[in-house]
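What follows is a single structure, written as structure tokens, with notes after it.
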Number of protein chains: 2
Amino acid sequence: MDSLAIADHLKNHGIKPSYPRIQIYKYLYDRRSHPTVDQIYNDLIKLIPTLSKTTIYNTLGLFINATLVKSFMLDENEKRYEIIIHDHSHFKCEKCNSIYDIPYDDIDLLPQQYNNFQIDEVQIFLRGICEDCLEQ
Amino acid sequence: MDSLAIADHLKNHGIKPSYPRIQIYKYLYDRRSHPTVDQIYNDLIKLIPTLSKTTIYNTLGLFINATLVKSFMLDENEKRYEIIIHDHSHFKCEKCNSIYDIPYDDIDLLPQQYNNFQIDEVQIFLRGICEDCLEQ
DNA sequence: AACTTCAGTGTAATCATTACATATATGATA
DNA sequence: TATCATATATGTAATGATTACACTGAAGTT
């Protein structure tokens, strides 16, 4: 997605497309990683020397309100952020620390007696050792 | 579970059963809630006037190492702790803020191509509105 | 009783996040 | 174009959970 397309996308969600906002979105979109604010800052500061962490926090807050981005925590004490694309769970490998996106199909997570609960969000975290690390 | 049984239980897991340790375990065991360190502190200080938060952190750390307790985060920035009993997911109601324990049966969370991944831990969080709040 | 070890406490440090005040840019209007 | 109003970006300081560390105190052993 190029900058123009991102600008349109943001406008459509009621967010004025400033340069930092576009770059932060692009960062999340292109990498498809699960960065912390610190990682975003350390990478984007090369591109935007005046960038501040506050701007990143503000921008991510906007994105989250517009349901463009969601945040989650993986037991560490730093939030991680990612573009919302489709339902998937996260697998974190304890050896290499990579975080895998794992698609899941419609799973019935609630037993019968919870049928009347309204579910707005599902987050699934798996922890273990990934195939690559197990082979070594 | 009375204090003696807890003391034995802790010993069996290599933890010397001091009074604060027993009371912290008992707290988690009896309430079956998902307290933060702050909640534990505010409640137990009535029982143990000299209790310090550091002791709670240390004790919970011990319990976690002995796999008696696990911690998780629900997007806020405070860890929550609970006795490990059986696999269940957490449902947080956005209205009343209660956290429900929801049992789940063996769900296949990994598609075929991840068959070789070793899963050590599963955490499932659901967010939404509970039946009681919906009825109001 | 003296010694050793482990448990508990208090204070201070760390670090992610938020609050706030200021500066800068943008866009509309005259 | 100049001016004004508003939104955006920035830097600094405050907050608050967690951790580090050093000291105190209890329990058990010889």
Side-chain angles (χ1 to χ4, degrees), chain A residues 3-4 6-8 10-27 34-66 68-82, chain B residues 3 6-7 9-11 13-27 34-66 68-82:
Chain A
S3 300
L4 274 182
I6 293 175
D8 278 344
L10 295 183
K11 269 188 240 165
N12 290 338
H13 286 80
I15 295 171
K16 289 200 182 165
S18 71
Y19 184 65
R21 289 175 179 180
I22 291 173
Q23 291 309 321
I24 291 169
Y25 190 93
K26 192 171 169 55
Y27 181 89
H34 314 78
T36 62
V37 164
D38 216 55
Q39 287 168 343
I40 299 173
Y41 178 79
N42 286 324
D43 286 330
L44 284 188
I45 192 72
K46 299 165 194 161
L47 194 62
I48 316 171
T50 62
L51 185 65
S52 83
K53 281 195 185 177
T54 307
T55 298
I56 299 174
Y57 279 110
N58 289 340
T59 302
L60 291 172
L62 282 176
F63 288 172
I64 288 171
N65 276 340
L68 293 170
V69 162
K70 72 174 180 176
S71 76
F72 62 95
M73 303 192 78
L74 257 170
D75 243 24
E76 312 104 341
N77 338 335
E78 282 176 297
K79 280 189 185 157
R80 295 178 173 276
Y81 298 85
E82 70 179 353
Chain B
S3 299
I6 293 175
H9 190 51
L10 295 182
K11 269 189 239 164
H13 287 79
I15 296 172
K16 290 198 182 165
S18 72
Y19 184 66
R21 288 175 181 179
I22 291 173
Q23 291 308 321
I24 292 170
Y25 190 93
K26 192 171 169 55
Y27 181 89
H34 313 80
T36 62
V37 165
D38 217 54
Q39 289 168 342
I40 299 173
Y41 178 79
N42 287 324
D43 286 331
L44 285 188
I45 193 71
K46 300 165 193 161
L47 194 62
I48 316 171
T50 60
L51 184 66
S52 82
K53 281 196 186 176
T54 307
T55 298
I56 299 175
Y57 279 110
N58 289 341
T59 302
L60 291 172
L62 281 176
F63 289 171
I64 288 172
N65 276 341
L68 293 170
V69 162
K70 72 174 179 177
S71 76
F72 62 95
M73 304 192 78
L74 257 170
D75 242 25
E76 313 104 343
N77 21 6
E78 280 175 298
K79 281 188 185 157
R80 294 179 173 277
Y81 298 85
E82 70 177 353

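Below, chain A is the first sequence line, B the second, and so on; all start at residue 1.
Within the nucleic acid shown, B:Thr36 has no heavy atom closer than 4.0 Å to any nucleic acid atom. Heavy atoms of B:Lys16 sit under 4.0 angstrom from primed sugar atoms or phosphate atoms, though from no base atom.
Summarising the geometry, the separation between OH on A:Tyr41 and P on C:dA16 is reported as 13 Å, rounded to the nearest angstrom. Atom CG in A:Leu44 sits about 14 Å away from atom C1' in D:dA9, given to the nearest Å. Look at CD1 on B:Ile24: it is 8 Å from P on C:dG8, rounded to the nearest Å. The interatomic distance linking A:Lys53 (NZ) with D:dA14 (C1') rounds to 16 Å, in whole Å. Atom CD1 in B:Ile56 sits roughly 15 Å away from atom C1' in C:dA7 (whole-Å rounding). When rounded to the nearest whole Å, the span between CG of A:Leu62 and P of C:dT18 equals 13 Å. Across the protein-nucleic acid pair, A:Met73 atom CE and D:dA17 atom P stand 13 Å apart, rounded to whole Å. The distance between atom CD of B:Gln39 and atom P of D:dG16, rounded to the nearest whole Å, is 16 Å.
For B:Phe63 and B:His13, the ring centers sit 6.0 Å or farther from each other.
The side-chain heavy atoms of A:Ile40 and A:Leu60, taken from C-beta on, include a pair separated by under 4.5 Å. Proximity of B:Asn77 to A:Asn77: side-chain heavy atoms (C-beta onward) are nowhere separated by under 4.5 Å.
Considering only side-chain atoms of B:Lys79, the nucleotide from D:dT18, C:dG8, C:dT18 that sits closest is D:dT18. Checking D:dT19, C:dG10, D:dT10 against the side-chain heavy atoms of A:Leu51 singles out D:dT10 as nearest. Between C:dA7, D:dT10, C:dG8, one nucleotide has an atom nearer to the side chain of B:Pro20 than all others, and that is C:dG8. Looking at the side chain of A:Arg21, the nearest of the listed nucleotides D:dT10, D:dA17, D:dA9 is D:dA9. Taking only side-chain atoms of A:Ser52, from C-beta outward, the nucleotide of D:dG11, D:dA9, C:dA16 with the closest atom is D:dG11. The side chain of B:Thr54 approaches C:dT9 more closely than any other nucleotide in the set D:dT10, C:dT9, C:dA16.
Across every non-hydrogen atom of B:Pro17 and B:Ile22, the tightest pair is O-CD1, 3.7 Å.
Within the 4.0 Å cut-off from OP1 or OP2 of C:dG8, at least one side-chain nitrogen or oxygen of B:Ser18 is found. Between B:Tyr57 and D:dT18 there is a side-chain N or O to OP1 or OP2 distance below 4.0 Å.
Nearest-nucleotide positions on DNA chain C for A:Asn58 and A:Val37 put A:Val37 closer to the 5' end.
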Steps toward side-chain contact (heavy atoms from CB on, under 4.5 Å) verdict (A:Tyr81, A:Ile64): CA-CA 9 Å; A:Tyr81 298 85; A:Ile64 288 171; 3.8 Å; yes
